[in-house]
Amino acid sequence: MLDKIIDTGKKSTRDGFGAGLAALGKTHPEVVALCADLIGSLKMQDFIDAHPERFFQVGIAEANMMGIAAGLATAGKIPFTGTFANFSTGRVYDQIRQSIAYSHKNVKVCASHAGLTLGEDGATHQILEDMGMMKMLPGFTVINPCDYNQTKAATIAIADHHGPVYLRFGRPGWPNFTAADQKFEIGKALLLNEGTDVSIFATGHMVWRAVEAAKQLADEGISVELINIHTIKPLDEEAILASVSKTKCAVSAEEHQRNGGLGDSIAQVLTQHLPSPLEYVAVNDSFGESGKATALLDKYGLGVSDIIAAAKKAISRK
Amino acid sequence: MADIQKLKRVASQVRRDIIRQTHYCASGHPGGSLGCTDFFTALYFEIMDHDPTFNMDAKNEDVFFLSNGHISPVWYSILAHSGYFPVEELATFRNIDSRLQGHPATHEGLPGVRVASGSLGQGPSVAIGVALAKKLNNDDKLVYALVGDGELQEGQIWEAAMFAAHHKVDNLILTVDWNGQQIDGPNDEVITLGDLPAKWKSFGWEVMHLDNGNDIEAVVNVLNAAKAKTGNGKPIVLLMKTEMGYGVDFMQGTHKWHGKAPNAEQTENALSQLEETLGDYPYPYQG
C-alpha cells in the first residue's frame with residue numbers, strides 16, 4: 001500500500017479550504033463567511049467573488065468576528081470564520097467558549113497558518129497549543145486534515161455537521177496525496193498502510209512525513225501500520241485500539257505541543273483500555289522561531305528521522 | 001398608546017421578583033436588575049414584537065440580547081411574565097438542576113435566551129450577527145441589546161461599534177445602562193468612561209439620550225423614537241441614565257447592591273416598598 005501513496009504535486013491545505021468554501025457557496029445558501037483582514041491568506045476570494053453579500057469583512061477584530069458568527073448562527077446561518085490559527089483560538093478563547101461552545105452555536109472556526117510550518121513569521125504566529133485548547137471545549141469537533149484534497153473535503157463535510165467545529169490547516173505547499181474525490185467522514189480514522197510491528201498515528205502535515213518514515217522503515221524490514229487521524233475530536237478510539245491490539249506499540253506524530261495534543265488523546269485511550277508503549281513526535285514544551293517550514297520541523301523534533309527513531313523505540317519497549 | 005399604568009404594575013411585580021429571587025438563593029445581582037426594570041418592562045410589554053413560544057432563530061420577530069448577563073433576575077422575571085416559561089420557575093434561580101443559571105445560558109434550554117452572556121463585552125457582537133442575518137433574510141424586524149456602562153471598558157465593545165457603523169447595521173438599537181456604577185465603585189473611580197456621547201458619535205452611531213431610565217413612560221417614548229430612526233444607515237445607541245437599585249430606598253444609587261443579596265429583614269423591608277400586583281410565585285418550586 002505504501003507504494004501507492006504518491007505526491008501528485010505540492011499544494012497548500014489553505015488552498016484546499018478556499019476551494020471547499022467556494023464549492024459550499026454554490027451548494028449551501030445558508031453558508032456565510034467572515035474574515036479578519038486575511039482574505040488572501042485564507043484563500044477566500046473565490047467565495048467572496050461569487051457571493052459578496054454572504055461575506056463579512058470584520059477587520060482586525062477577531063473577538064468581534066466570533067461574536068458576530070455566533071449571532072449569524074443563532075439566526076440559522078452557517079458561518080465560517082477565517083483567520084490565522086493563533087488568532088482563531090488563543091486570542092478569542094473566551095468568546096468561543098461562551099458565545100459559541102457553551103451556547104451550542106453552529107460556527108465553523110477555520111484556522112490557517114497553524115504550527116511551525118507557518119515559517120518565517122516566527123513564534124508569535126506559530127501556534128502549537130490550538131488543538132489542545134479546542135479539544136477541551138465541550139461539544140467542539142476538532143479536525144486537522146493532511147493535504148489539499150483532504151482539507152477541501154473536510155471543509156465541505158463540516159457544513160453538514162450541526163455543531164461547532166475547529167478546522168485547522170496550514171500555509172506551505174505540501175504533498176497532495178489523498179484522493180481528489182474522497183468523501184470526508186468526521187471522526188473516522190483512515191488506514192493508509194497495514195502493518196504489524198508498530199502503529200503510527202499522524203495528523204495534519206505530519207501524515208506525509210509519517211508516510212516517508214514508513215517507507216524507510218519498510219526498507220529496514222519494519223512493518224508500519226500507518227493511520228491518518230484527521231479528526232482529533234471525536235477520536236476514533238475503535239481504530240486506535242484495533243491497530244494497537246495488533247502491533248502492541250504506537251507512535252503519535254503532530255505539529256503541536258505534546259502537552260494536550262493528539263498524543264495525549266491517544267494515551268488516554270491506551271491507558272484506559274490497552275496499556276501499551278507510546279512514543280510522541282511533537283514539540284516538547286517549546287516555542288518555535290523563524291525559518292523555512294521543513295527546516296523548522298526538523299529542528300523541533302518533527303523530522304522523518306524523529307518518527308523513525310520513535311517507532312524503533314516504541315518497538316523496543318514492547 | 002401605551003398603557004403606562006399597566007406597565008408600572010408589571011414593573012412593580014418584577015422588582016418584587018428580583019428581591020425574592022436573589023434573597024431565596026442568597027446570591028445574584030439585584031442592583032442593576034432593579035435599575036433596568038423599567039427598560040425591560042417597556043421593551044417586552046410595549047416595544048418589541050416577539051413570540052413567547054420561542055424560536056431560536058427569531059425569524060420575523062424582534063429580538064433582544066442581554067450582554068451584561070449578571071442582571072439575569074430582571075430578565076428572567078420579564079421572560080416568565082411574558083409567557084416564555086412558568087413564573088413559578090423563578091423559585092429555582094441559581095439552584096442546582098435549574099434552567100435559570102446565575103448568568104443566562106442556552107445550555108439548559110431556557111426559552112427566551114439565545115446566547116450565553118456574563119463574560120462581558122460579547123453581546124453587541126452577537127446582536128450584530130443576528131441583525132446581519134435579518135438583512136440577508138429580508139426580515140425587517142429589529143434587534144435590541146443592552147450593555148452595562150462598566151462593560152464599555154471591554155475592548156470588544158469598540159470592535160463591534162466600529163463594525164456596525166462601517167457595515168451600516170441600522171436595524172440594531174443598543175442601550176447602555178448608564179448608572180455610573182460597577183462592582184468596585186463609580187465608573188469614574190474605576191476607569192472613567194469619558195465623554196460617552198462623543199465617543200459613540202465619533203464611531204459613527206446615531207446617539208440618543210434618556211435622562212431618566214426609571215420613568216417608564218419616558219423609556220417607551222425614547223424607544224419608539226429610536227425605532228423611528230432605524231433604517232437610516234446608522235446603528236443606534238441609547239445612552240440611558242438609570243439608578244442602580246431603583247425602587248428600594250436602601251439599595252438606590254449605590255454600587256453596594258451590585259452583587260449582594262438581601263437578607264430576610266432587608267427582603268421584608270424591600271418588599272414593603274413594592275406593591276404585589278401580579279401575585280408572588282411560591283417557594284419552594286413545586287414543578
Side-chain angles (χ1 to χ4, degrees), chain A residues 25 28-37 51-81 83 87 91-109 137-140 162-164, chain B residues 55-61 63-65 67 69 101 103-110 113-139 141 143 145 147 154-169 171-172:
Chain A
H28 289 62
E30 65 279 20
V31 165
V32 296
L34 305 92
C35 187
D37 195 29
H51 312 283
E53 76 288 354
R54 284 156 57 191
F55 172 75
F56 303 101
Q57 170 64 271
V58 298
I60 308 166
E62 295 82 7
N64 188 41
M65 177 164 73
M66 293 305 165
I68 292 173
L72 286 160
T74 300
K77 303 298 177 189
I78 306 176
F80 282 59
T81 67
T83 184
F87 309 143
R91 187 175 181 95
V92 291
Y93 198 62
D94 183 54
Q95 284 77 15
I96 292 177
R97 181 177 179 274
Q98 173 173 285
S99 293
I100 296 174
Y102 184 40
S103 297
H104 304 280
K105 297 305 178 195
N106 190 24
V107 174
K108 315 305 172 187
V109 178
L137 289 171
F140 239 91
H162 191 86
Chain B
N55 299 298
M56 177 58 83
D57 61 17
K59 277 185 183 145
N60 301 310
E61 63 173 315
V63 61
F64 170 75
F65 288 92
S67 190
Q101 293 293 297
H103 293 80
T106 61
H107 193 70
E108 293 75 18
L110 185 69
V113 179
R114 291 185 169 86
V115 73
S117 63
S119 175
L120 296 172
Q122 301 184 31
S125 303
V126 179
I128 288 167
V130 175
L132 294 173
K134 282 193 176 296
K135 283 176 178 273
L136 281 174
N137 294 339
N138 297 313
D139 171 353
K141 295 297 181 183
V143 180
V147 294
E154 291 280 8
Q156 188 179 344
I157 294 283
W158 303 101
E159 292 183 4
M162 213 182 295
F163 178 98
H166 179 88
H167 288 277
K168 299 182 169 53
V169 185
N171 53 347
L172 169 67

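What you see is a predicted model, and the numbers here were worked out from it, not measured in a lab. Below, all heavy atoms of this structure are taken into account, side chains as well, without hydrogens, waters or symmetry copies. Numbers restart at 1 for each chain; the letters A, B, ... are given by sequence-line order, proteins then strands.
Checking B:Gln122 against A:Asp94 by side-chain atom types alone, a donor-acceptor pair falls below 3.5 Å.
Between A:Met66 and A:Thr81, the closest heavy-atom pair is CE-OG1, 3.6 Å.
Using a cut-off of 4.0 Å between Lys/Arg side-chain N and Asp/Glu carboxylate O, B:Arg114 and B:Glu61 are scored as salt-bridged.
Looking at B:Glu154, there are no atoms closer than 4.5 Å to chain A (heavy atoms on both sides), in backbone or side chain.
The choice from B:Ala160, B:Ser119, B:Ala133 that makes the most heavy-atom pairs within less than 4.5 Å of chain A is B:Ser119. Top candidate by heavy-atom pairs under 4.5 Å with chain B, chosen from A:Gly67, A:Pro79, A:Gly59, is A:Gly67.
Taking the six-membered ring where the residue is Trp, B:His167 and A:Phe56 present perpendicular rings, their angle passing 60° and hence far from 30°.
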